[in-house]
Amino acid sequence: MKITTELPQMTYPIPRSLDELFAISASFAGFHAVSSYLACAERSRLRASGLRRKQDEKMPGEKMNALEFGIVMHALLAIRIIHGMQTAQALVGSFLDERTGLGFALEDRPMIMALLKLYDLTYPLNAEPFEYLGVETEVISDVGVAWLPTHDSIRTVRYDAVVRPFGEKVVYSLETKTSARAGETSMNSYMPQFATQACIWNSNPALVERWGKMIGVIPNMLVKTKKPSCERMAPRLISARQQELARRYLLAPSRVHLPINPDGTHLQMIHNCWGRFGACEYVDFCWEGVTGDYTTAEQRATS
């Protein structure tokens, strides 16, 4: 991977289907990739290979889960910035005709539109206190230390948005989260992700010199309650100590060498197969050897 030396021009493709919208994946070697690998190396391998349960493939008109709803709101807010509010609204479609828009379930559309409109009214683009430097922008940096080979320390991050207050030489990550409840404490669980965002940016001398240091993350919270709300919280400032903690975490996969099984599978962390909120999507694949319930990326591409 090539180290990022300049932010790309701000673009965002308009998805033509739900499949295209949900095809957007997390950053290749970022916080989620690291946490996934450390939680279960085999799950990380299977996800990276493109293996997916058939029941997880989204069909037009099917109600979304919480993760999918968050992906949708991220995409629509990015489209609003790049292509305008009308384009974003058109993708939601009519509340009465399921053939319009991208094919969201009719019962999902009112909440999507309510949050989209509320956000646009609360934070109009022409009144923002900062300039957008990037939208859904991926940055690649070397977060390593002198004793670790460079190829083992390349890490990535995809920012929802990178913003710079007018007249200042510092930047922030503007990070959007959807939640079922409001309040500052709901953002605490995201602090590890916030710390890695600042660490990866500030480990890139070219970006720091051009745009300034990333001193914190501004959380954007979209609350999905009966009375939806949008709340842009005060910046979470990320200290040097917190960034160093994030650096050590990001480098862990290069320092922890997990064994590969004789059949080619990676170490299966069976204590994580059944979690608090449900089973891993690969439980049947690993525990029962079921293959018919899964499809590969190649199969989906040719179907």
Side-chain angles (χ1 to χ4, degrees), residues 1-17 20-32 70-92 102 112 115-141 154-178 193-194 196-222 230 232 235 238:
M1 290 184 288
K2 185 179 179 181
I3 300 294
T4 303
T5 57
E6 182 60 83
L7 293 180
Q9 181 181 0
M10 288 202 304
T11 60
Y12 192 85
I14 299 175
R16 294 168 295 180
S17 66
E20 284 191 12
L21 189 152
F22 290 121
I24 300 171
S25 60
S27 190
F28 177 76
F31 172 76
H32 292 297
I71 293 172
V72 166
M73 294 310 304
H74 276 82
L76 292 177
L77 290 180
I79 289 166
R80 165 185 171 268
I81 294 170
I82 303 299
H83 302 284
M85 183 64 174
Q86 288 186 336
T87 300
Q89 289 178 290
L91 293 176
V92 180
L102 287 176
I112 296 172
L115 285 171
L116 184 62
K117 285 186 173 181
L118 182 59
Y119 188 86
D120 189 62
L121 289 170
T122 308
Y123 306 110
L125 285 172
N126 60 4
E128 291 283 30
F130 43 65
E131 60 177 322
Y132 284 88
L133 304 180
V135 174
E136 291 295 329
T137 300
E138 186 163 59
V139 165
I140 303 172
S141 300
I154 301 299
R155 296 294 181 263
T156 65
V157 58
R158 179 173 289 122
Y159 298 101
D160 293 348
V162 178
V163 299
R164 182 171 67 172
F166 292 114
E168 298 185 30
K169 189 73 183 290
V170 296
V171 301
Y172 293 90
S173 167
L174 182 64
E175 180 71 16
T176 299
K177 300 295 183 186
T178 55
Q193 182 184 359
F194 294 169
T196 60
Q197 289 183 355
C199 173
I200 292 174
W201 178 280
N202 292 328
S203 297
N204 192 309
L207 297 183
V208 172
E209 181 180 1
R210 176 69 177 85
W211 302 108
K213 285 189 174 183
M214 180 172 286
I215 63 173
V217 178
I218 303 172
N220 255 339
M221 184 188 291
L222 308 181
C230 299
R232 182 177 291 173
I238 307 300

Report task. Would you confirm whether Thr4, through its side chain, and Val139, through its main-chain N or O, come within 3.5 Å as a donor-acceptor pair? Result -> no
Query raised in the report: Do you know the tightest heavy-atom contact between Leu174 and Arg232?
Result: CD1-NE, 4.1 Å
Query raised in the report: Rounded to the nearest 0.5 Å, how far does CD1 of Ile238 lie from CZ of Phe194?
Result: 7.5 Å
List, one per line, each side-chain donor-acceptor pair under 3.5 Å for residues 205-214, sequence neighbours excluded.
none

Query raised in the report: By salt bridge (Lys or Arg N to Asp or Glu O under 4.0 Å), which residues pair with Glu136, not counting sequence neighbours?
Result: none
Requested in this report: Before giving the answer on side-chain contact (heavy atoms from CB on, under 4.5 Å), spell out for Leu116 and Met85 the whole-Å C-alpha distance, their side-chain angles and the decisive distance to 0.1 Å.
Outcome: CA-CA 9 Å; Leu116 184 62; Met85 183 64 174; 3.6 Å; yes
Query raised in the report: Can you tell me how far OG1 of Thr122 sits from NZ of Lys117, rounded to the nearest 0.5 angstrom?
Result: 13.5 Å
Report task. Taking all heavy atoms of Asn204 and all of Ile140, pick out the closest pair and write down the distance. Result -> ND2-O, 3.3 Å
**Report entry** Exercise: identify the closest heavy-atom pair between Thr156 and Phe28
**Finding:** OG1-N, 3.5 Å
Report task. Check step by step if side-chain contact (heavy atoms from CB on, under 4.5 Å) holds for Tyr172 and Ile215. Result -> CA-CA 6 Å; Tyr172 293 90; Ile215 63 173; 3.2 Å; yes
**Report entry** Residue list, salt bridge (Lys or Arg N to Asp or Glu O under 4.0 Å) with Glu168, at least two apart or on another chain
**Finding:** none
Requested in this report: Could you tell me whether the side chain of Val170 reaches within less than 4.5 Å of the side chain of Arg164, counting heavy atoms only?
Outcome: no
Query raised in the report: Do Trp201 and Val162 have side-chain heavy atoms sitting under 4.5 Å apart?
Result: yes
Requested in this report: Quick one: do Asn220 and Glu175 satisfy side-chain contact (heavy atoms from CB on, under 4.5 Å)? Show the steps, please.
Outcome: CA-CA 6 Å; Asn220 255 339; Glu175 180 71 16; over 6 Å; no
Report task. May I have all residue pairs that pass salt bridge (charged side-chain N to carboxylate O under 4.0 Å, His left out) and include part of residues 74-89, sequence neighbours excluded? Result -> Arg80-Asp120
Report task. May I have the step-by-step check of side-chain contact (heavy atoms from CB on, under 4.5 Å) for Leu77 and Leu222, ending in yes or no? Result -> CA-CA 11 Å; Leu77 290 180; Leu222 308 181; 4.1 Å; yes
Query raised in the report: In Å and rounded to the nearest 0.5 Å, what is the SG to CE distance from Cys230 to Met73?
Result: 7.5 Å
Query raised in the report: Taking C-beta and beyond as the side chain, do Leu21 and Leu91 meet within less than 4.5 Å on heavy atoms?
Result: no
Query raised in the report: Under 3.5 Å, is there a donor-acceptor pair between the Ser141 and Ser203 side chains?
Result: no
Report task. Would you give the length of the straight line joining atom CG of Leu76 to atom OG1 of Thr176, rounded to the nearest 0.5 angstrom? Result -> 11.5 Å
**Report entry** Side chains of Ile82 and Ile14 in contact at under 4.5 Å (non-hydrogen atoms)
**Finding:** no
Query raised in the report: Hey, does the side chain of His83 reach the backbone of Tyr12 with a donor-acceptor pair shorter than 3.5 angstrom?
Result: yes
**Report entry** Residue list, ring pair (Phe, Tyr, Trp, His ring centres under 6.0 Å) with Tyr123, at least two apart or on another chain
**Finding:** Tyr119
Query - Test ring pair (Phe, Tyr, Trp, His ring centres under 6.0 Å) applied to Phe130 - qualifying residues, sequence neighbours left out - result: Tyr132
Query raised in the report: Do Asp160 and Thr137 come close enough that some side-chain heavy atom pair is under 4.5 Å?
Result: no
Report task. Could you tell me whether the side chain of Leu133 reaches within less than 4.5 Å of the side chain of Val163, counting heavy atoms only? Result -> no
Query raised in the report: Are any of the side-chain heavy atoms of Phe22 and Pro15 separated by less than 4.5 Å?
Result: no
